Amino acid sequence: MNRQKSFENEKPTLYLVATPIGNLSEMSPRAIEILQTVNVIACEDTRTSGQMLKHFGIKSRLIAYQNFNEDPSAKGILNLLSQGQNVALISDAGYPLINDPGQRVVSEAAAEGYNVVPVSGSSAFLNALVASGLVVQPFLFIGFLPSSDNERAKKLREYRNYPMTLVFYEAPHRIQKCLETCLEVLGDRRCCIARELTKVHEEFIRGTLKEVLAECDGLKGEIVLIIDGNKDDYRKDVDYGTLMNMVNSQVMQGLSKSDAVKKVAGETGISRKKLYDLVHSKEN
Ligand code: SAM
């Protein structure tokens with residue numbers, strides 16, 4: 001057990017500071033202030049972050065925190081915290097930990113009772129999701145799929161029956177192959193490519209997987225791919241746990257069981273009666 005009142009103690013703090021994903025005007029005054037006042041900033045690449053920090057006149061000491069070497073990097077940061085220093089963790093862009101390094105040091109710093117404090121900022125997948133035109137809640141953020149065709153298809157089969165909207169990151173040179181596999185495994189669902197978010201060439205391509213595939217030859221830049229969840233009837237053996245969790249979470253938020261079933265049926269496209277029967281059969 002560990003209860004953190006972030007601003008009511010004198011303990012050293014690990015700040016998780018989100019940085020712009022393109023447009024530098026999205027850097028918040030709070031992020032600048034914290035990066036200016038911490039003892040050390042840990043980043044992925046000191047050259048990339050050095051340029052961004054210089055733009056904002058931030059001169060705090062910069063050290064590298066590496067994904068492929070998380071163990072010694074995390075130890076180094078915990079050591080600084082144990083000396084009473086405040087540390088900010090940043091990534092090249094967006095939030096640290098979101099498909100970027102930081103998981104280990106955050107888990108360990110939290111377990112050791114240091115303050116772990118998020119500092120809000122840009123997020124590629126949230127920007128993409130809210131502007132996609134697809135149903136936003138519930139959603140599942142997956143990040144990058146495997147690059148090998150077989151592994152990608154295998155991974156996608158795991159998500160095929162999920163009713164929630166699926167969110168992926170993908171590299172431009174793989175987007176065509178990725179869409180082809182999505183079409184093959186998931187069928188021709190609605191989707192949206194969000195490209196170069198917050199930058200001058202920002203673009204959204206909305207349509208079915210087939211339609212978007214026809215447009216994606218030679219796409220460049222950074223890409224988020226959003227795909228509709230499975231709107232067909234559920235397969236009891238696969239999705240039962242997810243559906244029950246969705247109903248239970250609505251009940252915990254104060255809905256009656258029948259209103260929760262109604263809401264989840266609306267969100268997932270599953271027939272209300274089937275969902276009632278499913279919930280009821282579990283209770284008896
Ligand atoms: N930490 C980042 C975040 O919070 O979004 C993600 C880092 S991940 C290594 C990089 C991937 O994020 C890119 O390949 C792309 O899929 C996505 N991404 C980052 N910036 C983006 C942007 N401006 N527009 C679209 N996608 C972006």
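Atoms within each ligand, like the ligands themselves, are counted from 1 in listed order. Everything numeric here is computed off the predicted structure, so don't read it as measured data.
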Heteroatom proximity flag, Ile21 to ligand 1, N/O under 3.5 Å: yes

Any pair counted as ring-ring contact (aromatic ring centres under 6.0 Å, His included), so long as it reaches residues 167-219, sequence neighbours left out: Phe141-Tyr169, Phe144-Tyr169

Heavy-atom check, side chain of Ile205 versus side chain of Cys216, under 4.5 Å: no

N/O donor-acceptor pair under 3.5 Å between Asp228 side chain and Leu134 backbone: no

Distance-only N or O hit between ligand 1 and Gly94, under 3.5 Å: no

4.0 Å heavy-atom contact, Phe168 with ligand 1: no

Backbone or side-chain N or O of Ile98 under 3.5 Å from ligand 1 N or O: yes

Heavy atom of the protein closest to atom 18 (N) of ligand 1 (residue, atom name, distance): Ala124 CB, 3.6 Å

Proximal atoms of ligand 1 relative to Glu170 (non-hydrogen, under 4.0 Å): 16 (O)

For Leu197, atoms of ligand 1 separated by under 4.0 Å from a heavy atom: 22 (C), 23 (N), 24 (N), 25 (C)

Proximity flag Ile223 to ligand 1, non-hydrogen atoms under 4.0 Å: yes

Under 3.5 Å: donor-acceptor pair, side chain of Arg61, backbone of Val40: no

ILVMFWY clustering at 4.5 Å (side-chain atoms), partners of Leu255: none

Polar atom proximity, Asp100 to ligand 1 (N or O, under 3.5 Å): yes

Under 4.0 Å to a heavy atom of Tyr95 - the qualifying atoms of ligand 1, by number: 1 (N), 3 (C), 4 (O)

Heteroatom proximity flag, Ala93 to ligand 1, N/O under 3.5 Å: yes

Distance from atom 3 (C) of ligand 1 to nearest protein heavy atom, with residue and atom: Tyr169 OH, 3.6 Å

Any side-chain donor near an acceptor of the partner, Ser25 and Asn23, under 3.5 Å: yes

Pairwise side-chain contact, Ile193 with Leu179, heavy-atom cut-off 4.5 Å (strictly under): yes

Glu196 side-chain N/O to Glu222 backbone N/O, donor-acceptor pair under 3.5 Å: yes

pair Ile142-Lys155: side-chain heavy atoms closer than 4.5 Å: no

Ligand 1 contact on Phe144 by region, counting heavy-atom pairs under 4.0 Å: side chain

Polar side chain donor-acceptor pair, Gln103 to Ser107, under 3.5 angstrom: yes

Under 3.5 Å: N/O of Ser122 near N/O of ligand 1: no

Minimum-distance protein heavy atom relative to atom 13 (C) of ligand 1: Glu222 OE2, 3.6 Å

Sub-4.0 Å atoms of ligand 1 with respect to non-hydrogen atoms of Lys199: 23 (N)

